[in-house]
Structures are given as C-alpha cells and as structure tokens.
Engineer: 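One structure, as structure tokens, below. Some questions next.
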Amino acid sequence: MAEYRAMFCLSDDDLSGRRILDCPGGAASFAAEASALGAEVTAIDPIYASEPGELAARAVPETERAVAWAHRHAGRYRWDWYGGTAEQAAMRRAAAARFAVDVCAAPHRYLAGRLPSLPCADGSFDLALSSHLLFSYADRLDADFHLAALLELTRVATVETRVYPLLDYTGAPLDDLIAHLRTELHDKGIRTSLRKTRYEFHHGADTMLTLHA
Ligand SMILES: C[S@@+](CC[C@H](N)C(=O)[O-])C[C@H]1O[C@@H](n2cnc3c(N)ncnc32)[C@H](O)[C@@H]1O
C-alpha cells in the first residue's frame with residue numbers, strides 16, 4: 001500500500017469512498033489495505049481464475065522469487081525509498097501475506113480478467129491503477145496492445161487512469177512508445193499528463209502517466 005501510494009501519488013482523497021480498479025492486481029496488498037480505508041477496490045488479473053486458496057499458497061513463494069531476483073540484480077535498483085534490501089524484502093513479504101489473507105476472506109474483490117478486454121461495464125470505477133505490466137513488458141506487448149489496454153482502462157474509469165512505471169523491466173526508457181501512445185490518445189480526445197512520483201525503484205522510474213477521461 002505504501003508503494004502504491006508513492007508510485008501513483010495517491011492522496012487520502014484519491015482513496016476515500018472511491019471506486020478503484022487495480023489491474024493487474026497480482027499479489028499486491030493494495031485491494032486489501034485500501035478497502036480497509038474505505039475505498040471500494042476491485043483487482044483484476046488473469047491469475048484470479050485460480051481458487052483463492054491456491055492464490056494464497058502461491059503468493060509467498062512467488063514473492064520470495066521476485067525478491068531474490070531483485071536482490072541478484074541489485075545494481076538496477078535504488079533502495080533508498082525502502083531503506084535497504086532487507087526492508088524491501090520485509091515490505092514485499094508483508095504485502096504478499098496480506099494479499100493471501102484477503103483473497104480468501106474477500107474473494108469478491110478479485111476478478112479474473114485480462115487487458116485489453118475487461119469484464120466491467122463502462123464507467124464502473126472512478127480511478128484505474130495499472131502497475132508493472134504496461135511498459136514493463138514492452139518487449140512482448142506491442143504498441144497496439146498498449147493503446148488498446150489504455151483505451152480499455154479509460155472506458156471503465158470515469159475520472160483518471162494512472163500507469164507506472166514507464167520503463168521496461170530492464171530499466172530501459174521507452175520515450176518513443178510513450179510519445180506515440182500520447183499522440184494516439186490525444187487524437188482520440190484523451191488528455192494525458194506526466195507526473196513525478198515519490199517512488200523510484202528502477203533507476204529513472206520516477207514518472208507516472210495519467211490519462212484524464
Ligand atoms: C508484476 S505483476 C504486477 C502486479 C501489481 N500491479 C504490482 O505492482 O505488484 C504483473 C501481473 O500482470 C498480470 N498480467 C499478465 N498479462 C495480463 C493482462 N493481459 N491483463 C492483466 N493482467 C495481466 C500477471 O498475471 C501478473 O500478476
């Protein structure tokens with residue numbers, strides 16, 4: 001939750017009483033924690049087609065793998081936001097544990113679905129958040145996929161869509177792709193803006209893209 005707050009520049013006003021989509025939700029604790037603060041959160045991810053017990057069982061070992069990977073590639077990252085590698089590991093483990101409890105206790109919050117076609121009516125949410133899928137996997141998701149996914153997120157979110165990070169998973173910048181997508185969105189009447197974030201894990205991943213519906 002602290003990570004989402006920082007990477008998406010979320011204020012208390014952004015959360016309280018808002019209908020929020022987290023896509024992809026993965027094994028993040030955002031849905032659990034923001035719901036406890038009064039937001040109405042739905043997380044969507046293809047992995048939620050699995051049973052809650054199975055998702056819970058997988059969350060911790062998968063987090064351990066991700067933590068180990070980040071620590072093996074420590075030079076790619078800035079650790080100061082967390083305070084160090086041990087603190088980052090502790091925060092990731094706590095998030096996975098929180099997700100594991102919540103996905104079993106409140107499975108209605110976790111919907112199976114995948115971009116670019118979400119199982120939601122137009123305007124189902126006020127705010128859509130999307131982290132670590134778009135741009136992160138630009139090596140295998142092409143520009144058309146990105147555009148379709150961004151249009152889909154703005155279809156379901158009436159106020160804003162926020163996307164982070166804007167680098168690929170190796171930390172490579174994607175300026176041409178971002179410029180292309182912003183032009184396409186502008187031509188479809190969707191205003192976009194870039195905003196500096198308080199969070200920067202990958203070196204240079206200090207910017208969030210906002211689509212204003
Ligand atoms: C690295 S996780 C990010 C999870 C979370 N947003 C976070 O930052 O911790 C990426 C997730 O994207 C999901 N995913 C893969 N393809 C997808 C698609 N087409 N639409 C939505 N989610 C997808 C995967 O299942 C995985 O859980």
Side-chain angles (χ1 to χ4, degrees), residues 1-10 20-34 39 41-52 54-70 73 76-77 81-82 88-100 102-103 109-120 124-125 127-157 161-171 197-202 205 208-209:
M1 174 81 175
E3 291 159 310
Y4 264 51
R5 269 191 188 270
M7 66 177 77
F8 290 119
C9 306
L10 291 170
I20 303 177
L21 169 65
D22 178 21
C23 180
S29 60
F30 176 76
E33 294 187 60
V41 184
T42 300
I44 298 184
D45 194 299
I47 62 169
Y48 302 151
S50 297
E51 289 300 313
E54 196 182 320
L55 292 168
R58 272 197 246 135
V60 172
E62 283 179 6
T63 295
E64 291 302 336
R65 271 196 293 281
V67 163
W69 194 90
H73 299 87
R76 290 184 181 179
Y77 302 104
W81 186 87
Y82 290 100
Q88 184 262 358
M91 192 177 279
R92 302 272 72 246
R93 286 181 187 125
R98 183 78 191 259
F99 165 81
D102 196 61
V103 75
R109 276 202 266 277
Y110 300 89
L111 281 188
R114 64 172 61 238
L115 289 166
S117 180
L118 299 177
C120 310
S124 297
F125 306 100
L127 175 64
L129 306 175
S130 187
S131 63
H132 298 106
L133 173 68
L134 299 176
F135 303 111
S136 296
Y137 296 101
D139 59 331
R140 64 206 78 165
L141 302 173
D142 66 13
D144 289 346
F145 176 90
H146 279 75
L147 181 59
L150 292 171
L151 290 171
E152 180 68 350
L153 290 165
T154 56
R155 179 184 73 76
V156 301
T161 293
R162 300 183 188 183
V163 184
Y164 176 91
L166 307 183
L167 307 180
D168 76 12
Y169 75 93
T170 70
T197 59
R198 299 189 298 275
Y199 179 88
E200 179 184 348
F201 190 36
H202 251 304
M208 164 183 86
L209 174 67

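For ligands, and for the atoms within them, numbers begin at 1 and follow the listed sequence.
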Engineer: To which protein heavy atom is atom 23 (C) of ligand 1 closest, and what is the distance rounded to 0.1 Å?
Structural biologist: Pro46 CD, 3.5 Å
Engineer: Below 4.0 angstrom, N of the basic side chain to O of the carboxylate: do Glu64 and Arg93 qualify?
Structural biologist: yes
Engineer: What pair of heavy atoms forms the shortest contact from His202 to Arg76, and how long is it?
Structural biologist: ND1-O, 3.5 Å
Engineer: Below 30° counts as parallel, above 60° as perpendicular, anything between as tilted: where do the rings of Tyr199 and Phe201 land?
Structural biologist: tilted
Engineer: Does Tyr110 have its ring centroid less than 6.0 Å away from the ring centroid of Phe99?
Structural biologist: yes
Engineer: Where is the nearest protein heavy atom to atom 8 (O) of ligand 1: which residue, which atom, and how far?
Structural biologist: Ser131 OG, 2.8 Å
Engineer: Looking only at heavy atoms, what is the nearest atom pair of Phe125 and Cys120, with distance?
Structural biologist: CE1-SG, 3.8 Å
Engineer: Mark up the atoms of ligand 1 that fall under 4.0 Å of a heavy atom belonging to Ile47, in ascending order.
Structural biologist: 25 (O)
Engineer: Under a heavy-atom criterion of less than 4.0 Å, does Gly25 contact ligand 1?
Structural biologist: yes
Engineer: Could you tell me, atom by atom, which parts of ligand 1 come under 4.0 Å of a heavy atom of Tyr4?
Structural biologist: 5 (C), 6 (N), 7 (C), 8 (O)
Engineer: Return the residue, atom name and 0.1 Å-rounded distance of the protein heavy atom closest to atom 10 (C) of ligand 1.
Structural biologist: His132 O, 3.5 Å
Engineer: For atom 9 (O) of ligand 1, what's the nearest protein heavy-atom neighbour? Residue, atom name and distance, please.
Structural biologist: Ala28 CB, 4.0 Å
Engineer: Minimum distance, heavy atoms only, to atom 26 (C) of ligand 1: which one of Asp45, Leu115, Ile44 is it?
Structural biologist: Asp45
Engineer: Could you tell me whether some N/O pair between Tyr137 and ligand 1 is separated by less than 3.5 angstrom?
Structural biologist: no
Engineer: Please examine the side chains of Leu153 and Leu118, heavy atoms only from C-beta on, and report whether any two atoms are closer than 4.5 Å.
Structural biologist: yes
Engineer: Within the structure provided, determine whether Ile47 and Leu55 are in side-chain contact (heavy-atom separation under 4.5 Å).
Structural biologist: yes
Engineer: Taking side chain as C-beta onward, heavy atoms only, is Trp81 less than 4.5 Å from Glu200?
Structural biologist: no
Engineer: When you measure from atom 6 (N) of ligand 1 to every protein heavy atom, which one gives the shortest distance, and what is it?
Structural biologist: Pro24 O, 2.6 Å
Engineer: Considering distance alone, does some N or O of Leu133 sit under 3.5 Å from an N or O of ligand 1?
Structural biologist: no
